[in-house]
Structures are given as C-alpha cells and as structure tokens.
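Here the structure comes first, spelled out in structure tokens, and everything after it is commentary.
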Amino acid sequence: MPTKRTATVLRRLAAALALLTAAPALAQPAAGTEGDFVLRQFRFTDGSVLPELRIHYTTLGRPRRDAAGEVRNAVLILHGTTGSGRNFLGPAFAGELFGPGQPLDTAAHYVILPDGIGTGKSSKPSDGLRARFPRYGYEDMVTAQYRLVTEGLRVNHLLLVMGTSMGGMQTWMWGERYPDFMDGLVPLASVPTQIAGRNRMMRKMISDAIRSDPDWRGGDYTAPPRGLYGALEMLFMMTSSPLTLQRAAPTRDSADAYISSWMRARMAATDANDFLYQFEASRDYDPSPRLERIRAPVLAINSADDLVNPPELGLMERLMPRVRDGRYVLIPTGERTRGHGTHSLPALWKEHLVELLRRIRSAKQQASRGDAETQRESFSSFPLCLCASV
C-alpha cells in the first residue's frame, strides 16, 4: 500500500502528469462553445471515402471582419497526438493566453480548437468501424481542419496557426499548403522533416505492440488487448521528463505507485484502435521539401529536454535557414520544463509569442500605409534563441 507521503506526492503531481501526456480525461476545461461540422463523402488521400466525417470543435470569442470582409482575429490551435482541442482550456494554457490582457485574450480574438480526425469527439475508429475506419494521415487531418475553418466556420483568414507536437507538425503543413491564409505560424515541440530515427522507431514499437498481439484480432477485440499496455508504456517514456518524475517519485515505492496509477488510468481511458491510428497517422508527414513555400513569419519553439525532438540532432539548425522569415527558440532544461510537455506551458514561452504578434501588427500597420517594401520585420537576424533558464 502506498504511504501517506506517497499519496500526497501523487496528488500534487497529477496536474503536471496531465500536461505531460495530454490525456483528454485529465483536462479541466473552461467555458467554450462546442459544435460539430460534418463533411459529406469525405475522400481520404488513400482513395477511401467516409459518407460522413464529423469534426468536433470548440470556439472562444467571435470573429471580427475588416471593411473588406476578411476575418482579422482568428487563431487556430492544433492539439497533440492523443489529445483534443479542449486540452487547451485548462488553467496552465488558457490561463496564460486567453484571459483578459493575455496575448490571445478571447475578448479580442476568435480561438478555434478542433479535435483532429480520430481524436476527441471527432469521427474515430471506436465509433463502430474499428480497423475498417479509413487509414487517415496528417494530410487528411489538415484538409479536414481547413474545411472546418473555411466551410464550417466561414473564416477566410487566420491571424495565427499554432500547434503542439502533432499539432506543431500540422502547423508546418498549414504554412506550406495555404501560404497566404495566415499572418503567423507557431509550431511547438516539432521538427519540419520526415519522422525518422528513434522517433520513428518509438512509433513503430507502439504500432507493433498492438498489431502483433493475438488479442487485437484485427481490431475486433472484445477486451483491451494486452499489447496496448506496452504501447502506453512507450507513450509514457516519449512524453515524460526525468527531472519532473524524480521530484514526483523520489523513492522506489513512490515510483512504483506513480507508474501503476498512471497505467491504470490510461488503460481504462484508451481504445486500442484509436491509439493505433493516432500514431500511425504520422507516416505521411514530411514538410522538408517545401519549406521555401512558407510566407508567413514562423516562430518555432522546442525544449532541450524533449525526448521526441532532441536538440542534439541539429535538425532545426539545418532546416530553419530555408524558412524565409523564421525564428527558432530552444528552451533550456530547467525546474519548470516538462520534457515534451513543455509545449503546453505557455508561461515558459509566451514572451516570444507576444513579440511575434507585435511584429505582425507592425507589418499590418505598414501595409495599411502602403509601405509594401517593408511589410514584415524579418526574424532572419534572430535564427536561434537560447532562452534564460527557467
């Protein structure tokens, strides 16, 4: 049985654990307007067609149009692999960005938080099709997001596209596919190149753990397959932070109790087919050949203790010079970073978001004065920021 001290430690770190794993069940959402947009006869990139694809979303604030009818204040925020749009409504994120006087104050901004295909309340395998659900990829997810924004919400321009982890990768894709549709891009915890090396290996281990389990039965299981347990263990390692976990579980018994509690909660809340599809969707991701197509200013933010995107690979330093107006911020490991989950702690990086918004507004003011030659204050002279330790 866990000691009283261990139980106290576990309670105090529950909120931090939710940030590490982006588990929808652990979020503490604030107010927002929810809705569903249904796309009829949606054709996936593999040629399969779903008669009805439901994209669930949450919005905050309201759109504001200029004299020409263009929306000027819409912000699209895209979640990570196992999350949902409502993960962003918890106090650690919304409390830093959406409140009065904050960078994305919803009194002045129209915030759009979609659930990606296969996640949250959007259409997913566990709705009934199981492994007969179309094998969607990131290309399909971005297409559905664009149609939600333009057809469902009637938004014809975005101030920002911002995303965490998977959402960060899809932010890069938005910049390439729709280069004139947004004023700025903020990809967090991501790298704009094909997933390879250890990152790809970890994802393959997750997939193989489920698909190779006889209890999976081609997706038609009657109870959670045992392979899901191993897949969730890999997720835990991908998204965790050594410093955080050492503080949370400084003894052998507290460490055992911590991981046992986490695994029980995730096993109870996770569908194996949904989880499998979510990780396999990254197979078509590779924006690296088209980085020169991105026109909007890019603020790319990673953290040094991110096991998924380790900075020692040097990928960002090699790729960012190909982005015409880009800045790369690397947050050093510190007492407040949370590994991969640092992407959902804007208290550690929002000062850079504020600077990007200032530059965007300055560019708009210059453009309104007809100063076409100086429409943007380039980030090119600030290619790398090693922020003060936090």
Side-chain angles (χ1 to χ4, degrees), residues 45 63 65-66 68-78 104 109-112 114 116 137-164 166-188 190-194 284-301 315-316 318-329 352-353 355-368 370-383:
T45 54
R65 300 179 185 272
D66 60 19
E70 189 169 89
V71 176
R72 307 309 305 175
N73 68 332
V75 177
L76 177 68
I77 307 181
L78 306 172
L104 300 177
H109 296 86
Y110 181 51
V111 178
I112 305 168
Y138 285 5
E139 292 286 347
D140 300 309
M141 298 177 81
V142 171
T143 297
Q145 292 160 4
Y146 180 77
R147 292 186 61 184
L148 164 67
V149 169
T150 57
E151 300 173 27
L153 299 175
R154 305 297 181 185
V155 169
N156 54 11
H157 187 82
L158 292 168
L159 172 64
L160 283 180
V161 179
M162 180 164 68
T164 61
M166 176 184 75
M169 291 186 272
Q170 292 171 357
T171 297
W172 288 106
M173 296 171 67
W174 265 83
E176 293 181 347
R177 289 178 59 171
Y178 315 108
D180 297 315
F181 198 78
M182 73 290 295
D183 296 324
L185 298 158
V186 186
L188 295 122
S190 63
V191 177
T193 190
Q194 186 180 77
D284 66 355
Y285 175 71
D286 187 9
S288 61
R290 301 172 298 279
L291 291 174
E292 288 80 4
R293 294 189 59 188
I294 299 175
R295 298 176 186 171
V298 176
L299 170 63
I301 303 174
L315 294 173
M316 293 299 288
R318 187 170 77 244
L319 293 164
M320 284 301 291
R322 292 175 51 202
V323 180
R324 71 169 72 182
D325 194 359
R327 185 186 187 195
Y328 169 41
V329 173
H352 306 290
L353 173 63
E355 175 62 13
L356 173 64
L357 291 169
R358 185 194 69 78
R359 290 171 178 267
I360 290 173
R361 293 187 181 107
S362 176
K364 287 182 179 298
Q365 291 171 358
Q366 292 172 356
S368 67
D371 189 1
E373 295 300 319
T374 57
Q375 282 190 17
R376 284 202 184 98
E377 224 181 303
S378 176
F379 284 2
S380 59
S381 61
F382 304 96

(message) In the structure I gave you, are the side-chain heavy atoms of Thr193 and Asp286 within less than 4.5 Å of one another anywhere?
(response) yes
(request) Nearest 0.5 Å please: distance from the CE atom of Met320 over to the OH atom of Tyr328. (result) 9.0 Å
(message) What I'd like to find out is whether the side chain of Ser190 reaches to under 4.5 Å of the side chain of Thr171, using heavy atoms alone.
(response) no
(message) Using every non-hydrogen atom in the two residues, find where Asp183 and Pro297 come nearest and quote the distance to one decimal.
(response) O-CD, 3.0 Å
(request) For Val191 and Trp172, run side chain to side chain contact (heavy atoms under 4.5 Å, CB included): C-alpha distance rounded to whole Å, both residues' side-chain angles, the deciding distance at 0.1 Å, then the answer. (result) CA-CA 9 Å; Val191 177; Trp172 288 106; over 6 Å; no
(request) Report the C-alpha separation of Leu78 and Val142 in whole Å, then their side-chain angles, then the decisive distance to 0.1 Å, and conclude whether the side chain to side chain contact (heavy atoms under 4.5 Å, CB included) test is met. (result) CA-CA 10 Å; Leu78 306 172; Val142 171; over 6 Å; no
(message) Using 30° and 60° as the class boundaries, would you call the ring planes of His157 and Phe181 parallel, tilted or perpendicular?
(response) tilted
(request) Would you name the heavy atoms of Glu176 and Ile294 that are closest together and state the gap between them? (result) CG-CG1, 3.7 Å
(request) Find the distance between NE2 (His109) and CG (Asn73) and round it off to the nearest 0.5 Å. (result) 7.0 Å
(request) Could you pull out all residues at least two apart from Thr143 that satisfy side-chain hydrogen bond (donor to acceptor under 3.5 Å, both in side chains)? (result) Arg177
(message) Using every non-hydrogen atom in the two residues, find where Pro179 and Arg295 come nearest and quote the distance to one decimal.
(response) O-CB, 3.9 Å
(request) Could you please spell out the steps behind the side chain to side chain contact (heavy atoms under 4.5 Å, CB included) verdict for Gln170 and Tyr285? (result) CA-CA 8 Å; Gln170 292 171 357; Tyr285 175 71; over 6 Å; no
(message) On a heavy-atom basis, which atom in Ala74 and which in Ile112 lie closest, and how many Å separate them?
(response) CB-CD1, 4.5 Å
(request) State which residues pass salt bridge (charged side-chain N to carboxylate O under 4.0 Å, His left out) with Arg322; sequence neighbours excluded, sorted by chain then number. (result) Glu292
(message) If I take atom OG1 from residue Thr164 and atom CG from residue Leu188, how far apart are they, to the nearest 0.5 angstrom?
(response) 7.0 Å
(request) Measure the shortest side-chain to side-chain distance between Val155 and Leu76 over non-hydrogen atoms and say whether it is less than 4.5 angstrom. (result) no
(message) Is any side-chain heavy atom of Leu158 closer than 4.5 Å to one of Trp174?
(response) yes
(message) Minimum heavy-atom separation for Pro187 and Gly168, please, with both atom names.
(response) CB-O, 3.4 Å
(request) Using the side chain to side chain contact (heavy atoms under 4.5 Å, CB included) rule, take Met169 and Met141 through it: C-alpha gap first, then chi angles, then the decisive distance, then the call. (result) CA-CA 11 Å; Met169 291 186 272; Met141 298 177 81; over 6 Å; no
(request) Looking only at non-hydrogen atoms, find the nearest pair between Arg318 and Pro321 and report the distance. (result) O-CD, 3.6 Å
(request) Would you indicate whether the side-chain heavy atoms of Ile301 and Leu353 approach each other to under 4.5 Å? (result) no
(message) Side chains of Lys364 and Ile360, heavy atoms from C-beta outward: is any pair under 4.5 Å?
(response) yes
(request) Decide yes or no for Arg65 and Asn156: does some side-chain heavy atom of the first lie under 4.5 Å from some side-chain heavy atom of the second? (result) yes
(request) Side-chain contact test, heavy atoms from C-beta onward, threshold under 4.5 Å: evaluate it for Leu357 versus Leu159 and give yes or no. (result) yes
